[in-house]
Amino acid sequence: MSVRLTVGQALVRFLAAQEVERDGEPQRFFAGCFGIFGHGNVAGVGQALQQHEDLLPYVQGRNEQAMVHMAAGYARQRNRLATWACTTSIGPGATNMVTGAALATVNRLPVLLLPSDTFASRRPHPVLQQLELPHDGTVSVNDALRPVSRFFDRVERPEQLVSAALEAMRVLTDPAETGAVTLALPEDVQAEAVELPESFLEPRVWTIWRRSPSPGALARAAELVRHAERPLMVAGGGVIYSQATEALRELVDATGIPVAETQAGRGSLRSDHPLSLGALGATGTAAANRLAREADLVIGVGTRWSDFTTGSKSAFQDPGVRFVNVNVCEFDAAKQSGLPLACDARLGLEGLVLQLAAHRVPAHWEQRAREEAAAWAEEVERLVHAGHGPLPSQAEVIGAVNDAAGETGVVVCAAGSAPGDLHKLWRARDPKGYHVEYGYSCMGYEIAGAIGVKLAAPERDVFSMVGDGSYLMLPGELVTAVAEKVHIVVVLVDNHGYASIGALSRSVGSAGFGTHYRRREQHQLLDAPDGDRPAQPAEPLPVDLAANAESLGARVVRTRTVDELREALEGAKASDGGPVVVYIETDRYAGVPAYEGWWDVPVAEVSDDPAVQGARREYEQARAAQRQYLDTP
Ligand SMILES: Cc1ncc(C[n+]2csc(CCOP(=O)(O)OP(=O)(O)O)c2C)c(N)n1
Ligand SMILES: [Mg+2]
């Protein structure tokens, strides 16, 4: 049997019928479709969404980039087993998704992008918003999505929809390949009719098989652990996505191997576990960085070894250090010259549990780990209850949010100084409670990402920590949260500029240049070269971000002290309906220090400025600790 539908109608019905299954019950893959309409999609996909709203819910976005962030936030919270599609018009609506696509692909999160495209027939060309290239008639702006998509196709004839849609699903549901998938849909083709077999529209279950480790590689990995004096595990996002946190804890309890965590892997092991060292690397804890420096065997699980994790390859200093990489993605499993255990994280860890049942790490190493973990917990307590004044520190704000989040609340963040501070200070209690997007660290993700999280986990309290800079990039989705009654708590941390980059600028000798909000005529007022604060404070700009949030329909609570903040967070949790914005001003100079972690940010090699020259000398010294990790196990 076949049916005659438009490409738009067929696609919407296909998306509504896709299911995914891992370890049991199939579940719906597409929760719905975010969209902003223009001439490119109003009649094609738009008509289809209107006709089939009962099959595939439609939610209006305010910015296409933010729509992709909402989808990515949703996908991450659901361990990549479900997501949203995003439909846009042609031209600017489509290219607005490039940043969102890159974020999803870098973080390996499935999102389906449906940018409209110029006419396949080319009859009326050039159309409004079309980029014409005299030398190439096949290019459109949508080609900018190719390098940031794990799969890209352009449906130029209606019949191509079948293969394009199936390939899209294959990539979206493959844990090693997933990321942004783009199906560019020419506006004429979307509205064209096509004769399709009915089976294309029937429920289709995509099973995500857990890939087993090769027995040889597993035995070799276990052998390496048995011979290691100072083994360390590094838990990445893969531990959480594969729901391997139980297996990880079993392995830790059985063997005494301590665990450090990447940003995406934060929460793999509860922070109060005695062998939890917390954050590793540039934004790492003293506990994790000290043990990493001495480790002779590092077992990375579900990590892609970004520079923040490896301290730009300075974190592991033992001359004989070797790596074992448990990763479903062979590309990552091969990094750091490690022994590749290319498999699902849970099966890999369960395999190691079986192989190492009777093994315990040397007592002195385990003892070191326990002592460092306990000392770090005290350091966190000190920082989050510092009683800083007159303005509170960001660390105190994090402590308050952590307490408000309780056992099951989720913190969402992405850019600025908060991700590093959260990485160090957050006491993780649940694998899905820490949602810091630090693969792309994209300013503007915070509010949109939090909406995605809340849609994915309505039963949890969701706290978005957003700096003033990130807020200004993409506040508009607050309106979406108002319209859809998405109850998120946005903690708007105002330090009047780019505090994180200001500190970075001081560290490279550039005195916070260009990182304050100030009038043009006060640009020359820089931070003191030897200290932190500017010699002479600049006049603040007449900007009221709390009023801005209020004007977008959010309920806003202005707070000045940590006590007021704590009270406001409790109130915000208890309220229902749309978003609540809790505003607080913080001291931009009260940063959380680095704890023996380093990040490679190049400093000018030539300058007349003594501050830059000094920073360059320090940089060269620090860079001497960089290693290449070329030795194979
Ligand atoms: C889209 C985007 N542009 C630029 C950057 C570089 N960047 C990282 S943090 C930051 C400043 C963030 O300011 P804010 O949100 O106020 O946080 P704060 O640093 O003050 O904590 C900038 C410009 C980025 N990460 N993302
Ligand atoms: Mg700021």
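All ligand and atom numbering here is 1-based and tracks the order in the structure. This chain uses plain numbering: 1 for the first residue, then up along the sequence. All values below come from the heavy atoms of this structure, side chains included, with hydrogens, waters and symmetry mates left out.
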The Mg ion (ligand 2) to nearest N/O/S of S470 less than 2.8 Å: no

Which residues share a side-chain hydrogen bond (donor to acceptor under 3.5 Å, both in side chains) with S417, sequence neighbours left out: Q394

Polar atom proximity, S470 to ligand 1 (N or O, under 3.5 Å): yes

Angle, O of G497 through the Mg ion (ligand 2) to OD1 of N495 - 10° precision: 90°

Protein contact of atom 21 (O) of ligand 1 - nearest heavy atom, named by residue and atom, plus distance: S417 OG, 2.5 Å

Per-pair distances, 0.1 Å, donor-acceptor, side chain in residues 598-605, under 3.5 Å, sequence neighbours excluded:
unit_1, atom_1, unit_2, atom_2, d
W599, NE1, D307, OD2, 2.8
D600, OD1, Y619, OH, 2.7
D600, OD2, Q626, NE2, 2.9

Minimum non-hydrogen distance to atom 7 (N) of ligand 1, winning option of M473, H496, M443: M443

Taking every non-hydrogen atom, the tightest pair across S268 and E261: N-OE2, 3.1 Å

Lys/Arg-Asp/Glu bridge criterion (N-O < 4.0 Å) met for E620, R623: no

Distance-only N or O hit between ligand 1 and A415, under 3.5 Å: no

Residue part near ligand 1, for N495, under 4.0 Å between non-hydrogen atoms: side chain

Test item: T303 side-chain N/O and G236 main-chain N/O as donor-acceptor pair under 3.5 Å: no

Subset of ligand 1 atoms that lie under 4.0 Å from at least one heavy atom of S500: 9 (S), 10 (C), 11 (C), 18 (P), 19 (O)

Main-chain N/O of L103 paired with E437 side-chain donor or acceptor, under 3.5 Å: no

Residue-ligand contact G497/ligand 1, heavy atom below 4.0 Å: yes

Test item: R627 side-chain N/O and S314 main-chain N/O as donor-acceptor pair under 3.5 Å: no

Main-chain N/O of G91 paired with T95 side-chain donor or acceptor, under 3.5 Å: yes

Closest approach of any protein heavy atom to atom 8 (C) of ligand 1, naming residue and atom: I501 CD1, 3.7 Å

Among S441, G416, C413, G591, closest by any non-hydrogen atom to atom 17 (O) of ligand 1: G416

Residue and atom name of the nearest protein heavy atom (relative to atom 14 (P) of ligand 1), distance in Å to one decimal: G469 N, 3.4 Å

Contact flag G469/the Mg ion (ligand 2), N/O/S atoms, threshold under 2.8 Å: no

D403, V401, T559 screened by side chain to side chain contact (heavy atoms under 4.5 Å, CB included) with L569, the one that passes: V401

Closest protein heavy atom (residue, atom, distance) for atom 13 (O) of ligand 1: Y498 CD2, 3.4 Å

